[in-house]
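Please read these numbers as outputs of a predicted model, since none were measured by experiment. Lettering of chains follows the sequences in order, A, B, ..., and the numbering in each one begins at 1.
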Protein chains: 2
Amino acid sequence: MSESESPANAKRRNPTMNDVAREAGVALRTVSRYVNGETNIDPTLVERIRDAITSLGYRRNLAAASIRPGWTSKMLALVIGDLANPYYSSIARAVEERVRSEGYLLTTVSSDEDGARHDQLVDRLMEQRIDGMIIVPPRAQTRDWDTIPPPVPPVVFVDRPGAFPSADCILADNDGGAAEAVSFLLEKGTRRIAFVGDGLDIFTIRERHKGYLSAHRAAGVEPDLESVFTSAHTSEQAADIVRRVVETESADAIFAANNRAAVGALMAFRSLGRRLPMIGFDDFEAAVLSTPATSVVTQDIAAMGTLAADTLLARLAGDASPARTVVLPTRLILRGSEAA
Amino acid sequence: MSESESPANAKRRNPTMNDVAREAGVALRTVSRYVNGETNIDPTLVERIRDAITSLGYRRNLAAASIRPGWTSKMLALVIGDLANPYYSSIARAVEERVRSEGYLLTTVSSDEDGARHDQLVDRLMEQRIDGMIIVPPRAQTRDWDTIPPPVPPVVFVDRPGAFPSADCILADNDGGAAEAVSFLLEKGTRRIAFVGDGLDIFTIRERHKGYLSAHRAAGVEPDLESVFTSAHTSEQAADIVRRVVETESADAIFAANNRAAVGALMAFRSLGRRLPMIGFDDFEAAVLSTPATSVVTQDIAAMGTLAADTLLARLAGDASPARTVVLPTRLILRGSEAA
DNA sequence: TTGTAAGCGTTATCAT
DNA sequence: ATGATAACGCTTACAA
């Protein structure tokens with residue numbers, strides 16, 4: 001074992017199974033069995049192998065192992081819009097936790113709601129030979145899944161339905177949750193409820209808008225089309241809208257279709273020193289700190305992630321039952337802001 | 001090309017480079033050259049190869065390519081405490097963005113501040129042969145880096161210094177930022193400033209506590225040791241502490257050492273209908289919504305992530321200069337809550 | 001129980 | 001410029 005030509009801390013090559021076998025004086029095969037936790041190995045050899053492994057600092061090369069037939073990377077991917085968005089990162093955390101318990105590593109990537117970038121990431125992930133994917137489809141159009149050449153690993157869509165009919169899908173009851181909130185406001189006697197939210201090209205907003213309308217229909221109240229605002233992409237834009245609504249008294253209540261809209265409404269109320277009854281969709285940190293505390297429709301984001309992971313793991317384990325779409329219930333939490 | 005024995009949509013094997021070569025009627029070598037974007041290929045063959053690739057739906061197997069000498073996985077890892085924490089997920093997003101532009105895929109994992117789990121994840125990542133890591137060291141003790149057998153890929157520590165002297169490290173000026181905030185309160189005339197935060201075993205809290213003390217020293221004010229609370233692990237716990245402080249009038253101002261503490265203080269103020277001058281460390285969504293808006297010491301989290309990524313990429317590109325520790329400045333943002 | 005040898009999908013050397 | 005052919009580090013029939 002001459003090491004004359006290299007200093008102690010030089011960049012060393014990764015020791016291989018072969019190195020271990022040579023050092024331990026056994027065959028490659030035996031080391032492989034040991035590493036893979038197989039039984040029936042001569043205890044003497046086990047000891048020699050273990051010693052060789054520690055003395056050489058051997059580490060398995062999972063990438064090399066994964067290319068063998070019947071073996072996989074044991075890596076999964078989660079494709080979301082933006083990891084910096086707490087909504088998505090909560091999903092990511094739940095998924096990570098669940099798949100970790102099954103020995104999977106999770107790679108989370110952000111599509112930035114860009115269709116081309118999304119497709120590019122999916123391609124890269126498939127080239128990396130990940131075992132499966134959980135995807136929040138981007139708002140922008142992606143290519144048709146049928147155009148992707150097989151084999152395509154198992155895919156589960158979350159939060160929004162994917163352009164892939166035969167894949168599992170986990171959604172929240174955006175429609176029903178919004179209807180419940182708006183119905184509540186209508187029962188309280190408000191008649192002109194402003195809908196403040198992002199564009200209707202986003203699935204969740206579209207569904208919440210549907211609920212907004214059906215609640216009106218159910219109550220026999222004509223919805224005021226002038227009060228539907230779908231250009232609140234940021235909380236600042238939402239604040240501007242709400243400020244105008246309050247000032248012109250064009251509505252007597254606010255339904256904030258996502259948490260950015262709700263935050264914007266709070267900003268508007270704050271700067272005006274005046275407020276309207278409001279219910280938001282999606283919970284947010286500041287909700288309990290506002291005065292009055294903000295009522296919201298919540299969804300169990302972690303449960304959504306966990307269920308998506310469960311579904312994917314089941315597929316990986318061989319579940320070949322027909323694809324399911326699961327719609328998770330939402331919950332209306334009244335904290336005070338719904339009152340006049 | 002008989003496909004008699006399998007239905008159209010059956011689980012197909014991934015086509016290989018060999019399949020492409022056969023289909024195109026060229027040698028394996030030529031396909032490899034084409035795929036790797038090398039020039040000097042007969043245009044006729046190029047066309048045949050391209051056709052074969054699309055007709056077979058060939059996708060590169062990056063895992064297989066990565067095991068060749070001189071090749072790498074082109075995957076990096078980010079190890080943080082908890083992906084669901086907006087502070088960390090912002091770092092993750094910044095890192096992802098930066099390394100993506102260099103062709104790297106980023107795997108983000110959560111250690112949950114658990115030392116053993118952290119070590120386990122690091123091992124798994126190294127077995128997966130990631131090219132480098134960015135690490136937020138967990139609060140709990142991890143093993144000594146010197147005990148990890150070489151070769152160890154380049155590592156950059158973020159937010160907290162790692163137990164690895166010869167690695168790069170990106171920190172925020174926790175000490176200086178806290179000192180600036182506390183000095184400001186002292187100049188305003190408050191004399192008993194409560195320090196509300198998490199345990200001093202956490203590097204950032206320890207540093208902020210240092211700044212708290214040095215500000216007192218600089219102002220010639222004796223810090224009240226009874227007013228240092230380091231058991232606020234959650235915002236609820238912080239709220240309890242602050243409520244007691246306000247009720248007993250044991251302090252005339254609050255320094256909230258992290259955003260959970262600041263949120264807790266706001267909750268306490270809200271329930272009491274009474275408040276104290278306060279400055280927090282780390283910005284948070286509700287800060288601008290509170291009344292008065294909450295003043296905070298902020299750090300540019302995204303910049304921290306980007307710089308960490310830059311540093312790691314430089315190392316991967318061969319930068320062998322001595323390891324550096326960079327301390328990023330913080331900024332005091334006065335919004336009103338600092339006043340009496 | 002252990003060893004020998006083939007092969008996974010790729011890249012790279014070296015003749016042609 | 002192209003084509004056999006040998007690696008890379010690993011798992012696994014198949015032999016011994």
Side-chain angles (χ1 to χ4, degrees), chain A residues 12-50 52-53 56-75 124 126-131 149 151, chain B residues 12-50 52-53 56-75 124 126-131 149 151:
Chain A
R12 229 190 305 251
R13 159 180 86 75
N14 267 299
T16 77
M17 226 170 188
N18 238 317
D19 298 330
V20 175
R22 195 180 316 115
E23 175 84 4
V26 301
L28 181 58
R29 174 71 230 256
T30 314
V31 179
S32 175
R33 300 189 66 194
Y34 171 79
V35 164
N36 284 32
E38 290 180 38
T39 58
N40 292 342
I41 312 182
D42 188 326
T44 319
L45 299 191
V46 166
E47 178 136 354
R48 279 182 12 219
I49 292 174
R50 202 205 320 276
I53 286 181
L56 262 59
Y58 169 73
R59 244 187 317 262
R60 280 182 88 172
N61 184 334
L62 260 32
S66 76
I67 74 169
R68 302 302 329 281
W71 286 64
T72 71
S73 64
K74 277 291 198 173
M75 295 196 341
R124 169 68 188 273
M126 293 180 71
E127 291 187 338
Q128 207 73 241
R129 294 294 192 271
I130 46 100
D131 293 351
Chain B
R12 228 190 305 251
R13 157 179 90 74
N14 267 298
T16 78
M17 227 172 193
N18 237 317
D19 299 330
V20 175
R22 195 179 317 115
E23 174 86 2
V26 301
L28 182 58
R29 176 70 231 255
T30 314
V31 180
S32 175
R33 300 188 65 192
Y34 171 79
V35 164
N36 284 30
E38 290 180 39
T39 57
N40 292 342
I41 311 183
D42 187 326
T44 319
L45 299 191
V46 166
E47 178 135 354
R48 282 190 358 225
I49 293 174
R50 202 206 317 277
I53 286 182
L56 264 61
Y58 169 73
R59 247 189 313 264
R60 280 183 86 173
N61 184 335
L62 261 33
S66 75
I67 75 170
R68 303 297 336 277
W71 284 66
T72 70
S73 64
K74 277 292 198 173
M75 296 196 340
R124 168 70 188 272
M126 293 180 73
E127 290 187 338
Q128 206 74 240
R129 293 294 191 269
I130 48 99
D131 293 352

Q: Give the intermediate values and the outcome of side-chain contact (heavy atoms from CB on, under 4.5 Å) for residues B:I67 and B:R129.
A: CA-CA 9 Å; B:I67 75 170; B:R129 293 294 191 269; over 6 Å; no
Q. Distance only, no hydrogens: is a donor on one side chain within 3.5 Å (strictly under) of an acceptor on the other, for A:T44 and A:D42?
A.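 A pair is found: one side chain offers a donor N or O, the other an acceptor, under 3.5 Å apart.
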**Q.** Contact check, side chains of B:R13 and B:D19, non-hydrogen atoms, under 4.5 Å
**A.**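 In contact.
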(Q) With heavy-atom distances below 4.5 Å as the criterion, would you say the side chains of B:R59 and A:P149 are in contact? (A)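 Yes; the side chains approach each other to less than 4.5 Å.
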Might you point out which heavy atoms bring [X] and [Y] nearest each other, and give the distance in Å?
X	Y	value
A:M126	A:P151	CE-O, 3.8 Å
A:W71	A:R60	CZ3-NH2, 3.8 Å
B:K74	B:D131	N-OD2, 3.0 Å

Q. Under 3.5 Å, is there a donor-acceptor pair between the side chain of A:R50 and the main chain of A:Y34?
A.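 No; zero donor-acceptor contacts below 3.5 Å.
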Q: Please report, rounded to the nearest Å, how far the C1' atom of D:dG3 is from the CD1 atom of B:I41.
A: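 Nearest whole value for this atom pair: 13 Å.
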Q.
Taking the axis from the first five pairs and the axis from the last five, what angle separates them in the helix from C:dT1-D:dA16 to C:dT16-D:dA1, rounded to 10 degrees?
A.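 Roughly 40° between the end axes, to the nearest 10°.
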For nucleotides 9-13 of chain D, list the nitrogen or oxygen atoms of the protein found under 3.5 Å from its nitrogen or oxygen atoms, one pair per line.
unit_1 : atom_1 : unit_2 : atom_2 : d
D:dC10 : OP1    : A:Y58  : OH     : 2.7
D:dC10 : OP1    : A:N61  : N      : 3.1
D:dC10 : OP2    : A:M17  : N      : 2.5
D:dT11 : OP1    : A:N36  : OD1    : 3.2
D:dT11 : OP1    : A:R60  : NH2    : 2.6
D:dT11 : OP2    : A:S32  : OG     : 3.3
D:dT11 : O4'    : A:R68  : NH1    : 3.1
D:dT11 : O3'    : A:W71  : NE1    : 3.1
D:dT11 : N1     : A:R68  : NH1    : 3.2
D:dT11 : O2     : A:R68  : NH1    : 2.3
D:dT12 : OP1    : A:W71  : NE1    : 3.0

